Amino acid sequence: MPRQFFVGGNFKMNPVTRDQKRVLIKTLNDATLDPRTEVVIAPPSLYLIPVRESLREDVKLSAQDCYIKVSGAFTGEISAAQLVDAGIPYVILGHSERRSIFGESSELVATKTRVALDAGLSVILCVGETLQERETGKTQQVIEGQLKAVIDVTKPEDWSKIVIAYEPVWAIGTGKVATSAQAQETHKATREYLAKAISSAVAGATRIIYGGSVTASNCKELSTQPDVDGFLVGGASLKPEFVDIINSKK
Ligand code: PEP
């Protein structure tokens, strides 16, 4: 079965006003989107429910994170069970900003992944190396370590609900996009690792999307790479060009 192209928009802590949020949703609602692409947007949790009420039905929603407990005294957190109850199908876990700014370890990301899957969510699992790790030849070692923590707490069948987002830290929000050759090489090596660590069936079926300074002008070439199954888009998901990125396979 061919892997369905996937484009996610990670709004991060944007936009600041509800008026700006309405404009973003209107742009998506008015656009002609390639029906072959699975489209998921991740607005701040504050906006998830109002966006669900106003967004076209063929675009899905994702949270940007969730906690490891179902409920209780965890001020500021949101649980996977609450997301499921609100009708949210996806959650982004292990984003590099969560790992670096909020100190999330691969083990915590793995626990969150287990809890999210058990609650019924699908997971956009972010992995990726820093510039220093790339320059010292550690890219694959870092990605495999981040993935192994999740592989250790999952079964092969769980992977039908996991999308891997390869997001080199040096490319996120920097305007420095990976070349299509760099993305392809890393995605291919990551798929080979999945085959070795889980199974060739899981490796063949799991979507590995690229994230890091994707724009309307670089998405077409990246999308032609055989192991690039889509994109996770930050900055450009807040602009009208997000529609062009969604339609990059057209
Ligand atoms: C991201 O934060 O997931 C991301 C890919 O950001 P940007 O597209 O802005 O580099």
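In listed order, ligands and their atoms are each counted from 1. Owing to the predicted nature of the structure, the values given are computational and were not obtained by experimental measurement.
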What pairs of residues pass the salt bridge (charged side-chain N to carboxylate O under 4.0 Å, His left out) test when at least one of them lies in residues 77-95, not counting sequence neighbours? none
Checking the N or O distance criterion of under 3.5 Å, is ligand 1 in contact with Gly235? yes
[Y]/[X] salt bridge by N-O under 4.0 Å criterion:
X: Lys112; Y: Asp65; result: yes
X: Lys196; Y: Glu192; result: no
X: Lys250; Y: Asp34; result: no
X: Glu129; Y: Lys138; result: no

So which protein heavy atom does atom 8 (O) of ligand 1 come closest to, and at what separation?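 I find the closest protein heavy atom is Gly234 N, 2.8 Å.
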Please list the nearest protein heavy atom to atom 3 (O) of ligand 1 with its residue and the distance rounded to 0.1 Å.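 Its nearest protein heavy-atom neighbour is Glu167 OE2, 2.8 Å.
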Residue [X] vicinity, atoms of ligand 1 by number, heavy atom under 4.0 Å:
X: Ser213; answer: 7 (P), 8 (O), 10 (O)
X: Lys12; answer: 1 (C), 2 (O), 6 (O)
X: Gly212; answer: 5 (C), 10 (O)
X: Ala171; answer: 10 (O)
X: His95; answer: 1 (C), 2 (O), 3 (O)
X: Gly173; answer: 7 (P), 9 (O), 10 (O)

Does even one non-hydrogen atom of Ala236 get within less than 4.0 Å of ligand 1? no
Closer than 4.0 angstrom: is that true for some heavy atom of Ser237 and an atom of ligand 1? no
Spacing of CD1 belonging to Ile164 relative to CD belonging to Gln146, to within rounding of 0.5 Å: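 Going from CD1 on Ile164 over to CD on Gln146, the span is 11.0 Å.
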How does Ile172 reach ligand 1, by side chain, by backbone, by both or by neither, if only non-hydrogen atoms under 4.0 Å count? both
What donor-acceptor contacts under 3.5 angstrom involve side-chain atoms of residues 66-74, with partners at least two apart or in another chain?
none

Flag the pair Phe242 / Phe231 as yes when their ring centroid distance falls below 6.0 Å, and as no otherwise. no
